[in-house]
Structure formats: structure tokens, C-alpha cells
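The block underneath contains the structure these notes are about, expressed in C-alpha cells.
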Amino acid sequence: MNRIALWMGEHQLAGYDIYHLVACFFLFSIIGWMVESIYISLCNKKLTNRGFMAGPFCPIYGFGATLGYIILHPFANNIVLLYIVGALLATLFEFLVAKLMIKLFGAFWWDYNDKFCNYKGMICLESTLAWGLYAVIIITFLFEKVIRFVDRYPKAWGLKTIALVFAMVMIDFGYHFAMSVKINEETREGLNEKKEEIVNFYHRLIRR
């Protein structure tokens with residue numbers, strides 16, 4: 001654990017060490033799941049889990065927010081440029097994720113076909129405009145708030161929490177990925193073995 005903490009503290013990107021960026025990835029994955037699930041639940045008038053997994057975790061938002069900050073923070077002092085670049089990059093990211101999901105699962109898990117100015121249901125003008133607004137909010141306000149939240153707790157506690165969440169996400173993702181691609185029983189047994197390895201690794205980690 002000490003070696004991991006040392007390594008994460010030595011390397012930096014966009015003014016923050018790896019520990020803070022990884023913590024932000026996990027937190028934004030949870031925040032993104034909450035925001036989208038609440039929005040879709042209101043639209044559907046019933047509770048709706050928008051995540052691929054059973055747990056409250058959408059990694060696309062974690063990657064989008066964290067990578068977005070790394071790329072876009074130089075534009076923080078120019079709101080107009082930040083909005084435009086953020087909207088375009090996020091739309092490109094959404095498009096690439098949709099293409100990847102089609103390749104892996106045969107479909108992607110949103111549909112903009114009923115939206116004005118959409119492309120094959122993958123991207124649309126409405127979401128592009130929203131991504132630009134989200135970019136401005138995250139870069140100029142929210143990212144710093146999340147960093148401050150991370151700093152409220154000791155790094156040792158934070159690393160153990162990250163390890164726990166990571167283990168849970170890997171188990172959750174592995175199971176649902178197996179179900180989605182309909183892999184054979186032998187491969188599923190292998191995933192179960194990997195699940196046990198991850199759980200055992202976490203137990204060894206928290207004891208250090």
C-alpha cells in the first residue's frame with residue numbers, strides 16, 4: 001500500500017497527482033450515474049438504473065470528466081472556447097464509445113433517434129449543447145469541489161476505499177459483460193475464479 005501511495009503521489013497530470021485523478025474518476029462515475037438515473041427516472045416516471053452494471057457506477061462519466069479536465073483545463077479562463085471545445089470533444093467521445101459498444105455488444109445503451117439533428121441515434125445536437133455546459137461547470141467549478149472532498153480524508157483511507165470500489169466494480173462489470181456477450185460456461189467459470197482473486201487481493205491490500 002505504501003509503495004502504491006508513493007507512486008501515485010510522484011506522478012502528476014494537469015496539476016494533480018495520480019491519486020487525486022483516480023479518486024475523481026471514481027467519484028464522477030458515481031455522480032454521473034446519479035444525475036442520469038435521476039433524470040431518466042423522472043422522464044420515465046419510474047426508478048430507472050441507467051448504468052450497465054447493477055451498482056451506482058457509470059465509468060463513461062468518470063473518464064469523460066477526468067480526461068476532460070486534463071485536456072480542457074488550459075481553456076478555463078476562456079468560457080466561450082471552453083464551451084465549444086468541450087462540447088465537440090465530449091460529442092466525439094460519446095460517438096466513439098457508441099461505436100465500441102456496437103462492436104462489443106451489438107448495440108449502445110442510449111437512443112437519440114427521436115432527437116432533433118441526430119446521427120444514427122448515437123449523438124445529437126441537444127446532447128452536444130449539454131456537454132458544453134457540463135464542461136464549463138466541471139472545469140470552472142465542480143472539479144475543484146471534488147478535489148477538496150478527496151482531501152478531507154487521509155490518503156491511506158482513500159486508497160483502501162478506491163481498492164474496495166474497484167474490486168466491486170470489476171466483479172459487477174465482469175458478470176454483466178459475460179451476460180451481455182453470452183460467453184460459454186467455461187469462460188464464465190474463469191471469470192468467477194478471477195472474481196475470487198480480486199476479492200482475495202483486496203483483503204490482502206487492506207490488511208497492509
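The heavy-atom pair separating Ala135 from Gly86 by the smallest distance is CB-CA, 3.9 Å. The two residues Cys24 and Val146 have their closest heavy-atom pair at SG-CG1, 3.7 Å. The shortest heavy-atom contact between Ser29 and Gly62 is OG-CA, 3.2 Å. Taking both residues in full, the closest heavy atoms of Asn113 and Gly121 are given as OD1-N, 3.5 Å, listed atom of the first, atom of the second, then distance.
Counting only residues at least two apart or in different chains, salt bridge (Lys or Arg N to Asp or Glu O under 4.0 Å) contacts with residues 81-103 are absent. Within the structure, the salt bridge (Lys or Arg N to Asp or Glu O under 4.0 Å) test picks out the following pairs touching residues 119-143 (sequence neighbours left out): Lys115-Glu126. Listed by first and then second residue, the side chain to side chain donor-acceptor pair (under 3.5 Å) pairs involving residues 73-84 amount to none (not counting sequence neighbours). Sequence neighbours left out, not one pair with a member in residues 132-144 passes salt bridge (Lys or Arg N to Asp or Glu O under 4.0 Å).
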Review point. Where do Lys155 and Val150 land on the side-chain contact (heavy atoms from CB on, under 4.5 Å) test, with the steps shown first?
Key: CA-CA 8 Å; Lys155 183 178 288 188; Val150 173; over 6 Å; no
Might you work through the side-chain contact (heavy atoms from CB on, under 4.5 Å) test for Leu21 and Ile70, ending with a clear yes or no?
CA-CA 9 Å; Leu21 294 177; Ile70 293 171; 4.2 Å; yes
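Taking CD1 from Ile84 and OG1 from Thr128, the interatomic distance works out to 12.5 Å, rounded to the nearest 0.5 Å. Annotation: the span from Thr140 atom OG1 to Leu82 atom CG amounts to 7.0 Å, rounded to 0.5 Å. Taken to the nearest 0.5 Å, the CG atom of Leu129 stands 8.5 Å off from the SG atom of Cys124. Here Leu142 contributes atom CG and Ile31 contributes atom CD1; the two are 5.5 Å apart, rounded to the nearest 0.5 Å.
When the ring pair (Phe, Tyr, Trp, His ring centres under 6.0 Å) test is applied to Phe26, the partners found at least two apart in sequence or on another chain are Phe57. Residues passing the side-chain contact (heavy atoms from CB on, under 4.5 Å) test with Tyr61 are Glu36, Cys58, Trp131, sequence neighbours excluded. In this view, Tyr153 and Phe149, Trp157 satisfy the ring pair (Phe, Tyr, Trp, His ring centres under 6.0 Å) rule, not counting sequence neighbours. By the side-chain contact (heavy atoms from CB on, under 4.5 Å) test, Ile102 is found to be paired with Phe108, Met122, residues two or more places apart in sequence or in another chain being considered. With sequence neighbours left out, the side-chain contact (heavy atoms from CB on, under 4.5 Å) criterion links Leu100 to Leu104. Contacts of Asp114 classified as side-chain contact (heavy atoms from CB on, under 4.5 Å), with partners at least two apart in sequence or in another chain: none.
Between Phe28 and Tyr69 the shortest side-chain heavy-atom distance does not fall below 4.5 Å. Pro59 places a side-chain heavy atom less than 4.5 Å from the side chain of Phe25. Looking at Ile71 and Val85, their side chains never come closer than 4.5 Å, going by heavy atoms from C-beta outward. Side-chain contact between Val136 and Phe141 is absent, with no heavy atoms from C-beta onward closer than 4.5 Å. Ile139 is not listed as a side-chain neighbour of Phe75, based on a closest heavy-atom distance of 4.5 Å or more.
With hydrogens and angles disregarded, no donor-acceptor distance shorter than 3.5 Å links the side chain of Thr66 to the backbone of Phe63. Using modelled atom types, no side-chain atom of Ser127 and backbone atom of Ile123 make a donor-acceptor pair closer than 3.5 Å. Under a 3.5 Å cut-off, the side chain of Asn118 and the backbone N or O of Tyr112 do form a donor-acceptor pair.
Trp110 and Ile38 fall into different hydrophobic clusters, where Ile, Leu, Val, Met, Phe, Trp and Tyr side chains are chained together by heavy-atom contacts under 4.5 Å.
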